[in-house]
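Report on the following structure.
Read the numbers this way: they start at 1 and go in the same order the structure lists the ligands and their atoms. Since this is a predicted model, take the numbers as computed values, not measurements.
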Amino acid sequence: MKIKGKHYHTIWLKKDDPQTVQVIDQRKIPFQFEVFNLRTVDDTYFAIKEMVVRGAPLIGITAAFGMYLALLNTKQKNLEEHLQKTADYLKSSRPTAVNLAFAIDEMLEFILKEKENPQLIQETLEKVHSFKEKEIHYSEKIGEYGLQIIEEIYAKKQDTVNILTHCNAGWLACIDWGTATAPIYKAHRKGIPVHVWVDETRPRNQGARLTAYELGEEGVQHTVIADNTGGHLMQHGKVDLVLVGSDRTTVTGDVANKIGTYLKALAARDNGIPFYAALPSSTFDWKMENGLAEIPVEERGTEEVAEIEGWTGTKIRRVRLIPENSPVANYGFDVTPARLVTGLITERGVCKANKKSILKLFPEKIQL
Ligand SMILES: CSC[C@H]1O[C@H](OP(=O)(O)O)[C@H](O)[C@@H]1O
């Protein structure tokens with residue numbers, strides 16, 4: 001999408017330097033725009049772990065590039081052992097988004113299958129690029145299918161469609177378009193009046209900092225709100241649709257997403273408001289049935305809750321929010337049970353949050 005009128009993806013190979021992968025450093029947005037260079041597997045691990053890049057699809061593609069970088073730095077003789085260790089290391093960076101393991105496993109399988117190929121490095125880079133292009137296509141299709149939901153609401157309401165979203169499931173969480181934001185961008189570009197309630201999404205404020213930034217750059221009307229505001233807005237008829245992303249959705253429709261998503265789903269159900277999760281097929285865990293029991297929920301550092309960072313006008317600074325000795329719990333995600341999910345918006349269409357409906361869209365996954 002665009003930043004100051006210039007089109008960007010979130011990750012790319014540096015021009016004229018195939019040994020360097022470049023990403024937007026999302027730790028600095030919206031205050032500064034900086035590019036972060038990845039040249040090694042350690043750089044890749046750091047970028048995912050420290051959320052230089054974040055968002056399930058982008059984490060996956062970044063790890064795919066990481067496997068390419070590993071190949072560049074590996075001697076042929078111990079290729080399989082080295083790449084298996086690399087795969088395990090990159091998978092350990094963040095546990096919840098299934099895209100990470102999915103992408104790494106795909107790349108590992110490809111490289112080992114092609115390891116005698118004299119063009120292995122070039123072929124691997126082409127595989128990463130095709131992976132990236134596929135994710136862009138998925139995001140745009142999610143936008144097209146999600147647009148139909150917004151159009152139906154607009155047709156009845158004949159007034160601005162108010163959409164609440166949580167965290168950042170935007171193009172900054174993907175490569176382009178986003179997942180939850182893709183339908184919003186499609187509707188906006190089609191001239192449908194939309195307004196977005198942007199949950200700030202403590203503790204890292206991906207909504208306040210990233211989603212608000214994206215929507216502002218695209219010219220989409222939005223209002224940043226404290227996380228606890230959504231229920232009140234829903235009770236007073238100010239929300240027509242809740243649209244969120246996902247980091248891992250089970251084949252039965254349980255949706256893992258940023259902490260606080262479950263509470264929005266409860267409030268939406270209590271107020272009869274449709275609650276959709278938007279996700280590409282790379283975010284489904286086809287072998288998992290019980291999200292609440294099985295999805296690993298990442299716990300992150302206490303400083304993310306104990307402190308907050310902002311812009312002084314010249315630089316980013318952190319300040320402490322709580323007493324020095326107060327203990328902190330920092331859960332990164334929660335699981336919304338399928339029963340609270342109105343539907344899932346995928347690159348193949350919209351389905352109910354149940355195994356039968358999901359597998360009807362993805363019949364090739366039935367045998368898993
Ligand atoms: C399109 S995936 C976006 C998903 O990822 C975010 O988590 P994080 O910023 O910690 O990577 C959040 O759960 C978003 O909904």
Between Asn257 and Ser246, is any side-chain donor less than 3.5 angstrom from a side-chain acceptor?
no
*asked:* Do Thr346 and Val350 have side chains that approach each other closer than 4.5 Å (heavy atoms only, starting at C-beta)?
replied: no
Atom 2 (S) of ligand 1 sits nearest the protein heavy atom Ala56 N, 3.3 Å
Review point. For Ser246, is the nearest heavy atom under 4.0 Å from an atom of ligand 1?
Key: yes
min-distance protein heavy atom vs atom 15 (O) of ligand 1 -> Asn257 OD1, 2.5 Å
* With a 4.0 Å cut-off on heavy atoms, is Gly332 touching ligand 1? -> no
Go through Arg202 and Glu304 one step at a time and tell me if the side chain to side chain contact (heavy atoms under 4.5 Å, CB included) criterion holds. CA-CA 9 Å; Arg202 286 279 290 143; Glu304 292 185 351; over 6 Å; no
Donor-acceptor side-chain pairing of Tyr331 and Glu298 below 3.5 angstrom
no
Please confirm whether Asn168 approaches ligand 1 to less than 4.0 Å, judged on its heavy atoms. yes
A student checking ligand 1 against Ala173 at a 4.0 Å heavy-atom cut-off should list atoms 1 (C), 3 (C)
Check: Mind checking whether Thr252 and Asn354 have side chains closer than 4.5 Å, heavy atoms only?
Finding: no
Arg54 heavy atoms within 4.0 Å reach ligand 1 at atoms 6 (C), 9 (O), 11 (O)
Ligand 1 to Arg94, heavy atom cutoff 4.0 Å, flagged ligand atoms 8 (P), 10 (O), 11 (O)
Residue, atom and distance of the protein heavy atom nearest atom 13 (O) of ligand 1 read Asp247 OD1, 2.5 Å
Result for side chain to side chain contact (heavy atoms under 4.5 Å, CB included) between Met67 and one of Thr44, Thr86, Thr124, Val41 points to Thr86
Can you confirm if the NZ or CZ of Lys141 lies within 45° of the ring axis of Trp177 and under 6.0 Å from the centre of its six-membered ring? no
Numbered in order shown, the ligand 1 atoms found under 4.0 Å of a heavy atom of Pro57 are 1 (C), 2 (S)
task: Just say parallel, tilted or perpendicular for the rings of His232 and His236, cut-offs at 30° and 60°.
output: tilted
For Met51, the ligand 1 atoms with a heavy-atom partner under 4.0 Å come out as 9 (O), 10 (O)
One should read off an interatomic distance between Thr74 OG1 and His82 NE2, to the nearest 0.5 angstrom, of 3.5 Å
- Side chains of His188 and Gln221: does their closest heavy-atom pair fall under 4.5 Å? no
Among non-hydrogen protein atoms, atom 11 (O) of ligand 1 lies closest to Gly55 N, 2.8 Å
If you scan protein heavy atoms around atom 1 (C) of ligand 1, the nearest is Thr179 OG1, 3.3 Å
Short N or O distance, Cys167 and ligand 1, threshold 3.5 Å exclusive
no
A student checking ligand 1 against Gln206 at a 4.0 Å heavy-atom cut-off should list atoms 8 (P), 9 (O), 10 (O)
Looking at Glu298, His166, Lys258, Arg204, the heavy atom closest to atom 10 (O) of ligand 1 belongs to Lys258
